[in-house]
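Report on the following structure.
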Amino acid sequence: MWQMTRFTRWAALTAAAALLTAGCSGGGPSKDDAGEDDKASGAGAIDWGHCEATEDGPAPGDEWRCATLEVPLDWSKPDGETIDLALIRAEATGDDRIGSLLFNFGGPGGSGVSTLPAYADMAADLRERYDLVSWDPRGTGASGGVRCRDDKAIEAAESSVDWTPDTPAEEQVFLEDAADFGKGCQKAAGKLMAHVSTTDTARDMDRIRQALGDDRMHYFGISYGTELGGVYAHLFPEKVGRMTLDAVVDPTADAIGHAKNQTRGFQTALDNYLRSTGRDPEQGSREIADLLDRVDAEPLPTSSSGRELTQSLAIIGIVLPLYSEASWPALTSALDAAQDGDGTELLALADGYNERDASGGYGTTTHAQRVISCLDDKQRPTVEETKKLLPEFEKLSPVFGPFLGWDTAGWCHDWPVPGQFETPEVSAPGAEPILVVGNTGDPATPYEGARRMADELGEGVGVVLTWKGEGHGAYGSGSDCVDSTVNAYLLDGTVPQDGKVCS
């Protein structure tokens with residue numbers, strides 16, 4: 001059976017977005033945690049060594065060093081059972097070193113160990129004064145990464161699970177698939193299943209800070225990494241150093257609220273894409289929705305070893321190029337081909353998002369993503385509740401609304417571990433100013449989340465920088481104004497005026 005995919009990931013998209021550019025066809029801690037003294041005991045220095053190849057790629061260059069760090073499995077039992085976290089670092093290139101800059105690239109579920117070397121060129125200015133550091137958060141990659149299904153089961157379900165069920169029989173398969181996925185995750189994760197929350201990982205971050213020898217947490221969080229950063233700031237406000245949050249998750253939204261936000265965000269990005277092609281957004285969206293209906297009734301043939309393009313795969317194929325404006329031409333080509341009856345290009349885009357390689361192997365980012373988010377999210381909408389919401393979702397977007405509406409019922413259906421919180425607590429009174437960067441054209445984490453994050457962090461803490469651009473994230477996306485403002489903050493401590501706009 002196949003896993004559903006929430007559109008919140010960033011880390012696994014960097015390689016796919018690069019290929020497209022080259023021309024290839026939340027939850028968190030409760031308010032009860034506020035003010036808790038969480039001094040980690042026994043944190044020591046890290047023993048760095050050469051990096052090995054990972055499942056995601058070859059070993060990075062000689063300038064990279066890797067290590068593991070032992071942390072408690074259960075932070076309420078700091079002297080109990082432990083797990084190992086995988087870390088990676090490249091030392092600062094200049095003499096005027098500030099400290100370490102810890103990166104989280106999103107997900108949840110993305111591997112920082114695999115992603116940071118690919119991101120290093122973009123962060124070259126920052127590396128002059130910081131050691132660049134990232135890690136695989138618990139439950140991901142080499143830090144006890146969870147695989148809930150094997151590749152054959154994932155591929156087999158591509159044609160058997162309808163993410164927008166139209167009949168009682170399809171609903172049954174949809175819900176059985178969700179329950180089956182959760183059972184597979186529980187079997188794979190074991191004890192770890194109940195200890196991969198955002199709160200757990202935020203506590204891991206402070207242990208990493210101590211082991212690195214830094215008095216303050218200098219941090220760059222992207223997408224889900226912004227929620228993680230906000231949770232860290234709430235738990236450890238006195239330890240916040242220079243912290244940048246880019247592509248910001250709305251901390252005031254519950255599971256249904258996030259789904260609505262993303263429906264609006266991806267529809268806005270699709271509208272902007274359609275305008276760029278000279279088409280009317282409303283008419284163009286209706287044509288795409290009609291295409292998806294036809295594919296739902298009869299999947300399209302492809303040139304990929306007899307595989308067909310299902311409606312679910314087609315939606316994912318449309319989503320991926322909306323993450324980057326540079327990928328819009330690939331979307332045009334794929335949609336034109338699909339309208340002509342060939343699903344090959346949309347399937348290739350969907351495979352890029354789902355981390356499917358040429359041999360039919362799938363990555364596990366979405367597995368970890370679901371394990372983490374379903375432990376965070378307390379909200380569990382029933383099918384009946386979801387059906388009442390569907391008209392609102394469909395009004396928000398005829399293309400993405402049905403999928404994201406049904407996702408609220410299926411994502412954590414019959415999950416074996418209860419969710420913890422409705423929304424994350426990110427208030428951080430007393431923390432140093434935190435730079436919150438929002439992009440008005442961001443599809444996955446709509447711009448409104450930036451202002452809400454800043455408000456929740458608190459007066460004098462959250463400082464908003466706005467970019468009037470397209471795509472997921474702002475830093476390194478082509479705006480000299482954004483890049484120079486972020487660099488001035490991280491390198492020199494220069495805090496911009498709250499509300500500064502880069503166009």
Side-chain angles (χ1 to χ4, degrees), residues 1-7 9 11-25 55-57 109 114 147-165 170 173-174 177 181 266 270 273 287-324 326-367 369 399-400 402-403:
M1 306 296 277
W2 198 27
Q3 74 274 8
M4 291 172 291
T5 304
R6 280 188 176 177
F7 304 137
R9 298 191 290 118
L13 296 175
T14 53
L19 287 172
L20 288 170
T21 304
C24 87
S25 39
E55 290 186 0
D56 298 322
S114 297
R147 176 177 286 276
C148 303
R149 286 178 176 159
D150 63 31
D151 296 331
K152 290 183 178 178
I154 293 172
E155 183 171 2
E158 288 181 348
S159 59
S160 63
V161 180
D162 189 338
W163 289 350
T164 57
E170 289 182 347
V173 172
F174 175 79
D177 171 73
F181 189 87
F266 276 99
L270 184 64
Y273 156 73
E287 290 173 358
I288 293 172
D290 290 343
L291 170 65
L292 292 172
D293 287 341
R294 295 197 302 273
V295 175
D296 189 26
E298 185 174 354
L300 295 182
T302 75
S303 62
S304 179
S305 302
R307 297 170 68 211
E308 292 183 320
L309 179 76
T310 64
Q311 182 194 49
S312 302
L313 286 167
I315 293 170
I316 296 298
I318 293 168
V319 160
L320 176 61
L322 292 177
Y323 274 83
S324 170
S327 303
W328 288 359
L331 178 57
T332 298
S333 178
L335 286 173
D336 288 347
Q339 293 287 7
D340 290 337
D342 183 357
T344 302
E345 292 183 42
L346 275 179
L347 180 62
L349 294 173
D351 286 347
Y353 191 99
N354 289 328
E355 302 174 283
R356 186 185 193 275
D357 62 29
S359 66
Y362 290 82
T364 59
T365 301
T366 55
H367 301 227
Q369 178 188 26
V399 176
F400 307 109
F403 166 73

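Note that the structure is predicted; figures quoted are calculated from it, not measured. All values below were derived from every heavy atom in this structure, side-chain atoms included, with hydrogens, water molecules and symmetry-related copies excluded.
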Once rounded to the nearest 0.5 Å, what's the spacing between atom [atom1] of [X] and atom [atom2] of [Y]?
X: Gln339; Y: Leu346; atom1: CD; atom2: CG; result: 9.5 Å
X: Asp293; Y: Thr164; atom1: CG; atom2: OG1; result: 8.0 Å
X: Asp151; Y: Ser359; atom1: CG; atom2: OG; result: 7.5 Å
X: Glu287; Y: Leu335; atom1: CD; atom2: CG; result: 10.0 Å
X: Leu347; Y: Asp351; atom1: CG; atom2: CG; result: 4.5 Å
X: Asn354; Y: Tyr362; atom1: CG; atom2: OH; result: 7.0 Å

side-chain contact (heavy atoms from CB on, under 4.5 Å) partner of Val399, chosen from Ile288, Ile315, Leu291: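 For Val399, the side-chain contact (heavy atoms from CB on, under 4.5 Å) check succeeds only for Ile288.
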Salt bridge (charged side-chain N to carboxylate O under 4.0 Å, His left out) partners for [X], two or more places apart:
X: Asp290; answer: Arg286
X: Arg356; answer: Glu155
X: Asp342; answer: none
X: Asp336; answer: none

In chain order, what residues pass the side chain to side chain donor-acceptor pair (under 3.5 Å) check against Glu170, with sequence neighbours excluded?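 Listed in chain order: nothing, the list is empty.
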Show your working on side chain to side chain contact (heavy atoms under 4.5 Å, CB included) between Phe181 and Arg149 and close with a plain yes or no. CA-CA 7 Å; Phe181 189 87; Arg149 286 178 176 159; 3.4 Å; yes
Do the non-hydrogen side-chain atoms of Pro321 and Leu349 ever get within less than 4.5 Å of each other? yes
Contact between Ile318 and Phe400 at the side-chain level, heavy atoms closer than 4.5 Å - yes or no? yes
How far apart are the closest heavy atoms of [X] and [Y], and which atoms are they?
X: Phe174; Y: Val161; value: CA-CG1, 4.4 Å
X: Leu313; Y: Ala350; value: O-CB, 3.3 Å
X: Glu345; Y: Ala334; value: OE1-N, 3.3 Å

Side-chain donor-acceptor distances from residues 295-305 under 3.5 Å, at least two apart:
{"from": "Thr302", "atom 1": "OG1", "to": "Ser304", "atom 2": "N", "distance (Å)": "3.1"}
{"from": "Thr302", "atom 1": "OG1", "to": "Arg307", "atom 2": "O", "distance (Å)": "2.5"}
{"from": "Ser303", "atom 1": "OG", "to": "Thr344", "atom 2": "OG1", "distance (Å)": "3.4"}

Give the C-alpha distance, both sets of side-chain angles, the deciding distance and a yes or no for ring-ring contact (aromatic ring centres under 6.0 Å, His included) between Phe266 and Phe403. CA-CA 12 Å; Phe266 276 99; Phe403 166 73; 9.7 Å; no
Over 60° means perpendicular and under 30° means parallel, so tell me whether Trp328 and Tyr273 are parallel, tilted or perpendicular. perpendicular
Taking the side chain from His367 and the backbone from Arg147, do they hold a donor-acceptor pair closer than 3.5 Å? no
